[in-house]
Number of protein chains: 2
Amino acid sequence: MADPVPLDLATLRRSCGHCSLRELCLPAGIGVNDLARLDEVVRRRRPLRRDERLFHHGDALSSIYVARNGAFKTVSLSEGGDERVVGFHLPGELMGLDALAGEGHRCEAVALDPAEVCEVPVDELAAVAAQLPGLQRQLMRVIGQSISLDRDHAEMLSRRHANERIALFLHGLGERLAHIGGSALQFRLAMSREDIASYLGLAIETVSRGFTRLQDDGVIAVAGRQVEVLDPVELARLAHGGEPQQPQPQQRRA
Amino acid sequence: MADPVPLDLATLRRSCGHCSLRELCLPAGIGVNDLARLDEVVRRRRPLRRDERLFHHGDALSSIYVARNGAFKTVSLSEGGDERVVGFHLPGELMGLDALAGEGHRCEAVALDPAEVCEVPVDELAAVAAQLPGLQRQLMRVIGQSISLDRDHAEMLSRRHANERIALFLHGLGERLAHIGGSALQFRLAMSREDIASYLGLAIETVSRGFTRLQDDGVIAVAGRQVEVLDPVELARLAHGGEPQQPQPQQRRA
DNA sequence: CGTGACATTGAAATGCGTCAAGATGAGTGG
DNA sequence: CCACTCATCTTGACGCATTTCAATGTCACG
């Protein structure tokens with residue numbers, strides 16, 4: 001495909017039909033003809049820089065957004081002016097759904113890395129979805145997945161012990177990365193310890209100690225934001241409420 | 001109820017157009033003609049007894065449900081077999097949306113009181129919504145509201161202090177009751193302390209102490225499940241992270 | 001080589017969970 | 001009407017996990 005016109009090529013490559021996320025995102029299960037209809041509605045926004053905001057608290061709902069590259073966090077602003085992380089969003093995951101209630105956005109979406117998003121105007125999406133049953137169904141599915149992620153978050157937060165929350169966080173993040181074609185066992189955290197602490201409802205020091213503890217127990221190897229899962233089985237066990245394995249202090253001989 | 005033609009009258013009274021929730025629920029903003037289309041889809045289930053379940057964990061998605069009378073809780077079952085309350089549902093609020101992701105229901109809905117629900121088969125709802133833009137829009141709104149409630153729950157759980165969570169819980173519950181025409185200042189809790197504790201990620205004793213503390217501080221009067229908010233301003237302050245007012249130990253005679 | 005943001009580690013204070021006992025209230029049967 | 005029981009709720013005392021405060025360490029970048 002040596003296309004002489006670079007713009008066309010770029011547009012083509014960025015269409016839903018050629019997107020690596022097409023099986024996970026809105027296009028999933030839609031025929032090629034209908035795909036063109038969807039493509040007309042989706043706007044590819046220019047890349048965002050780190051810390052750039054996709055929408056702000058109080059903004060009226062105009063579009064929903066799908067992370068395409070990079071990672072995002074959504075934060076809600078409490079009265080004190082401090083931010084509280086309510087979600088992390090990997091490629092293929094939706095942002096902005098809280099505004100569907102009609103009161104405007106209740107949170108802000110912030111790029112954690114250089115990132116790209118697809119912007120989907122809700123009115124146009126609704127109009128197209130009404131005509132394409134496949135799209136309507138898939139829209140409901142991705143909304144349901146977003147709700148599921150919120151539930152996972154709530155489940156994390158209702159765990160009493162800090163170490164369980166942390167294990168669950170790492171475990172869940174690994175699974176989400178695997179789902180989009182990454183490795184569940186080796187990845188880089190896009191978010192700071194502070195973001196993680198806020199997301200988990202813990203003090204930042206507690207998160208740090210939790211990571212250290214997991215490393216000492218031989219479950220993970222962590223260096224800054226780089227994480228490697230050494231014992232996925234044990235991590236899953238901890239994430240689901242199991243007690244730490246005392247008998248196995250790997251490579252820790254007194 | 002010595003009604004000569006019970007079925008017809010009952011059916012009429014129970015139609016969406018005559019429901020007291022019509023301005024909050026799916027019918028909101030829909031014309032009378034279109035309303036009939038919606039009515040054909042909605043099934044009114046027989047009343048549920050206390051502790052009766054609306055759907056079970058793992059059930060495939062067939063319908064979503066709207067609380068009509070009474071109150072519900074949704075619980076997720078952890079590995080240990082113990083339940084964790086993930087939400088409370090008042091009249092007009094949706095249940096079952098977590099199954100939209102396509103993996104079946106992740107939780108169970110349980111009636112806290114004698115209750116009634118409307119059952120809406122999702123396939124039929126989708127078909128009708130595709131034809132009625134007003135319904136489609138309103139469907140998105142109520143889904144958005146459901147997501148907002150999940151966010152409120154997560155916000156509660158991420159509060160560090162037990163008293164903040166409790167204050168936020170009572171404050172939010174009052175607002176929701178006011179929204180459906182009840183009193184925000186005087187109400188009866190449909191759920192047990194145990195349910196509240198599970199919902200807030202606290203021990204039951206901590207919830208009890210929190211209630212007592214709020215009563216001692218003159219913010220509420222609580223007797224079993226009956227709650228009266230004496231100082232709504234202070235309750236709101238506490239809910240939003242304010243420190244307890246020391247200088248005002250109301251009616252505290254040694 | 002500084003400087004500042006971010007992360008880790010230590011020591012101390014405390015708020016919450018746990019265990020245990022007591023109180024309350026609803027339902028039942030004498 | 002009272003005595004009994006069971007479920008639910010409240011209260012107290014204690015230990016411990018987590019927060020808080022403070023110091024140190026690490027890395028990127030000017």
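Being a predicted model, the structure only gives us computed values, none of them experimental. Each chain gets a letter, A, B and so on, in the order the sequences are listed, and its residues count up from 1.
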Legend entry - B/Arg225 or B/Arg160, whichever maps to the more 5' nucleotide of DNA chain D: B/Arg225

Inset, instruction - Figure out the CD/P separation between B/Gln215 and C/dT24, and round it to whole Å. - result: 13 Å

Legend entry - Any pair counted as ring pair (Phe, Tyr, Trp, His ring centres under 6.0 Å), so long as it reaches residues 56-82 of chain A, sequence neighbours left out: A/Phe55-A/Tyr65

Legend entry - Point-to-point distance, once rounded to the nearest 0.5 Å, from CG of B/Leu61 to CG of B/Asp98: 9.0 Å

Legend entry - Set of salt bridge (Lys or Arg N to Asp or Glu O under 4.0 Å) partners for A/Arg193, sequence neighbours left out: none

Legend entry - Range on DNA chain D touched by chain B - first to last nucleotide, heavy-atom distance under 4.0 Å: D/dC9 to D/dT20

Inset, instruction - Please identify each residue that fulfils side-chain contact (heavy atoms from CB on, under 4.5 Å) with A/Ser146, with sequence neighbours left out. - result: A/Leu97

Inset, instruction - Give, ordered by number, those residues of residues 161-173 of chain B having at least one heavy-atom distance below 4.0 Å to an atom of DNA chain C; if nothing qualifies, reply none. - result: B/His161, B/Ala162

Legend entry - Nucleotide C/dT18, atom P - distance to CD of B/Glu194 in whole Å: 13 Å

Inset, instruction - Could you tell me whether the side chain of A/Leu238 reaches within less than 4.5 Å of the side chain of A/Asn163, counting heavy atoms only? - result: no

Inset, instruction - Classify the angle between the aromatic ring planes of A/Phe88 and A/Tyr199 as parallel (below 30°), tilted (30 to 60°) or perpendicular (above 60°). - result: tilted

Inset, instruction - Quick one: list whatever passes side-chain hydrogen bond (donor to acceptor under 3.5 Å, both in side chains) with B/Ser192, sequence neighbours left out. - result: B/Asp195

Inset, instruction - Identify, with sequence neighbours excluded, every residue that meets salt bridge (Lys or Arg N to Asp or Glu O under 4.0 Å) alongside A/Arg43. - result: A/Glu124

Inset, instruction - May I have the distance from A/Arg50 (atom CZ) to C/dA5 (atom C1'), rounded to whole angstrom? - result: 10 Å

Inset, instruction - Note down the inter-axis angle between the two ends of the helix from C/dC1-D/dG30 to C/dG30-D/dC1, five pairs each, to the nearest 10°. - result: 30°

Inset, instruction - Indicate, with a heavy-atom threshold strictly under 4.0 Å, whether B/Ser192 touches base, sugar-phosphate, or nothing. - result: sugar-phosphate

Inset, instruction - Only counting residues at least two apart or in another chain, list the ones meeting salt bridge (Lys or Arg N to Asp or Glu O under 4.0 Å) with A/Arg209. - result: none

Legend entry - Set of residues satisfying salt bridge (Lys or Arg N to Asp or Glu O under 4.0 Å) with respect to B/Asp113, sequence neighbours excluded: B/Arg188

Inset, instruction - Measure across A/Arg106 and B/Asp152 and return the closest heavy-atom pair with its distance rounded to 0.1 Å. - result: NH2-OD1, 2.7 Å

Inset, instruction - To the nearest 0.5 angstrom, please state how far the CG atom of A/Leu90 sits from the CD1 atom of A/Ile180. - result: 5.0 Å

Legend entry - Interatomic distance where CZ belongs to A/Arg159 and C1' belongs to C/dC16 [whole Å]: 19 Å

Inset, instruction - Only counting residues at least two apart or in another chain, list the ones meeting side-chain contact (heavy atoms from CB on, under 4.5 Å) with A/Ser208. - result: none

Inset, instruction - Please state whether the base of C/dG10 and the side chain of A/Arg209 form at least one donor-acceptor pair under 3.5 Å? - result: yes

Legend entry - Whole-Å gap separating P (C/dA23) and CZ (B/Arg193): 18 Å

Inset, instruction - List in numerical order all residues of residues 196-206 of chain A for which some heavy atom is under 4.0 Å away from an atom belonging to DNA chain C. - result: A/Glu205

